[in-house]
Amino acid sequence: MISIVGCRKTHRGDGRQPPVPVLDGVDLEVRPHEFVAVLGPSGCGKTTLLRILAGLEGWDSGEVRVHGRPVSGPGTDRALVFQDFALLPWATVTDNIAFGLELRGVARAERTAVANRLIDRVGLNGFARHYPHQLSGGMQQRVGLARALAVEPEILLLDEPFGSLDSLTRRGLQEDVLRLHHETRKTVLLVTHSVDEAARLGDRVVLLGPRPARVIETIETGLPRPRPDDIGSDRRFVALKEHLWNRLKALTSR
Amino acid sequence: MESSQGADQPLGAAAPADWRTSLTALAAGAVVWELTARLSVALPPFSVVVGTLIELLRGDVLLPALATSLASLAVGFSCAAAAGLTLGLVLGRSRTAEHLSDVYLDAVMSAPTLIYVPFLFALFGVSRASQVAVVFAYAFFIIVTTTSAAVKQMDRRLIDMARAFGATDRQILWRVALPAARPMVLIGLSLGVTRAVKGMVVGEMVIALSGVGALLRASAARFDLAQTLALLLVVVIVSAACNLLVGRAGRALIDR
Ligand SMILES: Nc1ncnc2c1ncn2[C@@H]1O[C@H](COP(=O)(O)OP(=O)(O)O)[C@@H](O)[C@H]1O
Ligand SMILES: [Mg+2]
């Protein structure tokens, strides 16, 4: 479904800044319906990787394919959820959720119907006509999630979607995303710097090293699906986190 | 995306004018004017000016003159708005175009607009065209600079978001760039139309000798202060009305 082989990328600084090498031959395979969590320290190139997959920027060498075809721009088969939400401040919750459909020329009545369904699904009942600044961070990201779901992508790309939320809200949204993945069987690629999040959500955890990023290790978590709510006390889960922590610490202390 | 007129609308929603406060301020101004005038000789009292204005409105000179002026204003400002918004958007989006034009815009903006009037006169002669050109010159540059600034300070992340959801360049312009730039663009249009009114009067006073500007010049030359002030009142009212109209039209255009 997603296949990245030897992807290299250097951000060319504009003028005075020196170029920043960010991806140093990343290999990544994501199978249909799989939930892959890419774990890496801050600034290692995770967002860059997702932006490349979303078709927002190019890469220098290697292969980046979705459905076997090289990525050449944004596509209807992928939808991105942004770390900072990226909601339109002048649009209501409904209009924000329906934004992708509006771009595709879907009629207003139909988009509203879809938005209403998703509002229900992500638990924003009663907020359809609110504006983003009237919502908490968690609610804003629910809008971001619903906006991505509205275009019915096969692949969800999540860029540290819960990074800026408090831990209680984060846990709630994580459980929602797990449920969503279980119900829709969408392919999900999530990037995060949180060991707990990666272990809690992923079928597979792909560990990236510090910038310029390359894949250090790939671990099948082997944890049950659907994830029980008390996974936190599962021995395998605890061991996995311990292992990831140690690897990450060793990588970043050099 | 439709505009919603809810009380919660967050961006660019001008607070509804508090008419009571405005009217109180105006009434207070009129009273102060009246009292000052009664105490000095130079200033005709407010009541006299209003009387003169009513007389002018009854006569057959002001209204045709006003019609002439408003026609130049409408044409000149519409062209300035259309051209200014377009150029402002282009400059705001392209760094190269901005660097190329920055120095010229600065130069043009720092010179008093009156300087251009003789050139426009030489170009178009005593005609409606030079009237329109003066209005255009007064309004155009401020609209360009505010629009390009509005586009430049826009959140790049929203554009990326729109692109990720498959927006075309045209859709990015209409559904992201313009709504994001809206508050500042509306300010630019409002400043622009105020300057356009000024340009209208200046043009008529200096070159074409028609319209309200010509009346103003004639009454000033006769030291007819009451009529001069009455005509200034007309100009101020025109300016306020245009501001209101442009605000409405601008919002409607961007929200469509
Ligand atoms: N457009 C850009 N131009 C130059 N450097 C960039 C650009 N985008 C990101 N970077 C740099 O690339 C590195 C990786 O960024 P990013 O992919 O955002 O990392 P992460 O998401 O893992 O925190 C950072 O050091 C960042 O400063
Ligand atoms: Mg990031």
Side-chain angles (χ1 to χ4, degrees), chain A residues 14-15 47 50-57 71 73-106 108 111-112 127-135 143-144 147-151 153 155-157 159, chain B residues 1-15 93-100 102 150-187 247 250-256:
Chain A
D14 48 350
T47 296
L50 275 199
R51 284 173 57 87
I52 288 172
L53 274 170
L56 289 176
E57 42 185 291
V71 169
T76 53
D77 50 349
R78 288 152 283 154
L80 190 53
V81 175
F82 297 80
Q83 175 167 13
D84 51 16
F85 319 142
L87 302 179
L88 303 173
W90 56 85
T92 60
V93 165
T94 301
D95 286 342
N96 265 295
I97 293 176
F99 183 65
L101 298 177
E102 188 192 347
L103 294 176
R104 290 178 196 179
V106 175
R108 178 152 198 105
R111 339 193 267 270
T112 309
F127 290 92
R129 303 207 49 80
H130 281 61
Y131 290 90
H133 77 281
Q134 299 169 313
L135 307 178
V143 176
R147 175 178 61 192
L149 292 173
V151 297
I155 304 171
L156 271 179
L157 303 171
D159 185 6
Chain B
M1 218 159 300
E2 278 163 21
S3 78
S4 23
Q5 296 299 330
D8 291 330
Q9 188 169 2
L11 276 185
R93 285 174 63 108
S94 148
R95 200 165 276 177
T96 324
E98 188 207 336
H99 286 320
L100 286 176
D102 236 14
V151 174
K152 248 177 288 168
Q153 53 116 56
M154 184 171 44
D155 194 344
R156 299 285 318 167
R157 290 170 301 184
L158 290 184
I159 295 182
D160 275 350
M161 181 281 290
R163 281 210 296 136
F165 279 93
T168 61
D169 283 349
R170 212 186 143 74
Q171 285 175 322
I172 287 177
L173 174 66
W174 281 100
R175 311 202 184 224
V176 183
L178 278 178
R182 183 180 113 136
M184 227 166 139
V185 166
L186 289 180
I187 290 172
R251 273 190 277 277
L253 177 74
I254 293 173
D255 288 344
R256 78 177 192 162

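These figures come from a predicted structure and were not determined experimentally. All chains are named by letter (A, B, ...) in the order of the sequence lines, taking the proteins before the strands, and each is independently numbered beginning at 1.
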query: Between A/R51 and B/D160, does a side-chain contact (heavy atoms from CB on, under 4.5 Å) hold up when you go through it step by step?
result: CA-CA 9 Å; A/R51 284 173 57 87; B/D160 275 350; 2.7 Å; yes
- line: Scanning both residues in full, the closest heavy-atom pair of B/Q171 with A/L103 reads NE2-O, 2.7 Å
message: Between B/D155 and A/P89, is there a side-chain heavy-atom distance shorter than 4.5 Å?
response: no
query: Tell me, side chain or backbone of A/L87 under 4.5 Å from chain B's heavy atoms, or both, or neither?
result: backbone
message: Let's go through B/M161 and A/F82 carefully: what are the C-alpha distance in whole Å and the side-chain angles of both, what is the deciding distance for side-chain contact (heavy atoms from CB on, under 4.5 Å) to 0.1 Å, and is it a yes or a no?
response: CA-CA 8 Å; B/M161 181 281 290; A/F82 297 80; 3.6 Å; yes
task: Taking all heavy atoms of B/R175 and all of A/W90, pick out the closest pair and write down the distance.
output: O-CZ2, 3.4 Å
query: Which heavy atom of A/P74 sits nearest a heavy atom of B/A164, and at what distance?
result: CB-O, 3.8 Å
- request: Begin from the C-alpha positions of B/F165 and A/R104 and carry the test side-chain contact (heavy atoms from CB on, under 4.5 Å) through to its verdict.
  value: CA-CA 9 Å; B/F165 279 93; A/R104 290 178 196 179; 5.7 Å; no
